[in-house]
Amino acid sequence: MLGFRGHFLTKSRAYSTTFRAIRSDRRAFRLAETLEALDLDPDAVVVVNDWAFTGTGYRNDAERELAAGIADRIRDQRRQQYREETPR
């Protein structure tokens with residue numbers, strides 16, 4: 001990019017900081033900003049990050065049929081909107 005044949009940003013490894021450090025600082029700043037806006041004590045907030053994969057798809061045929069009906073309705077609404085907006 002920009003004639004340098006590489007990353008969009010050139011930086012010295014010995015002098016500059018890493019993107020990981022920049023992202024970490026930004027994340028900490030935004031967290032502090034949000035906690036201050038909500039008037040919360042940072043030591044009183046507990047963050048739980050525990051995600052588990054439970055599966056994909058639908059549990060039964062009724063859910064599958066309901067999703068298909070919703071998709072059909074949305075598709076028909078978009079077609080109708082397109083017909084109304086498109087001059088003939």
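Every value quoted in this text rests on a predicted model; they were computed, and no experiment measured them.
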[X]: which residues meet the salt bridge (charged side-chain N to carboxylate O under 4.0 Å, His left out) condition with it, sequence neighbours left out?
{"X": "E84", "answer": "none"}
{"X": "R23", "answer": "none"}
{"X": "D43", "answer": "none"}

- Classify the side-chain pair Q81/R78 by whether it contains a donor and acceptor separated by less than 3.5 Å.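 Per modelled atom types, Q81 and R78 side chains form no pair under 3.5 Å.
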I'd like a table of donor-acceptor pairs (distance under 3.5 Å, sequence neighbours excluded) in which one partner is a side-chain atom from residues 25-40, with atom names and distances.
unit_1: R30; atom_1: NH1; unit_2: E33; atom_2: OE1; d: 2.8
unit_1: T34; atom_1: OG1; unit_2: R30; atom_2: O; d: 2.9

- Query: Would D72 and R75 count as a salt bridge (charged side-chain N to carboxylate O under 4.0 Å, His left out) if you check the C-alpha gap in whole Å, the side-chain angles of each, and the deciding distance to 0.1 Å?
  - Reply: CA-CA 5 Å; D72 288 341; R75 190 177 311 110; 2.7 Å; yes
Side-chain donor-acceptor contacts of residues 53-71 below 3.5 Å, not counting sequence neighbours, with atom names and distances?
unit_1: R59; atom_1: NE; unit_2: E63; atom_2: OE2; d: 3.0
unit_1: R59; atom_1: NH2; unit_2: E63; atom_2: OE2; d: 2.7
unit_1: N60; atom_1: OD1; unit_2: A62; atom_2: N; d: 3.2
unit_1: N60; atom_1: OD1; unit_2: E63; atom_2: N; d: 2.9
unit_1: D61; atom_1: OD1; unit_2: R64; atom_2: NH1; d: 2.6
unit_1: E63; atom_1: OE1; unit_2: R59; atom_2: N; d: 3.0

- Item | Counterpart residues, side chain to side chain donor-acceptor pair (under 3.5 Å), relative to R20 (two or more places apart) |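 Checked R20 against side chain to side chain donor-acceptor pair (under 3.5 Å); zero matches.
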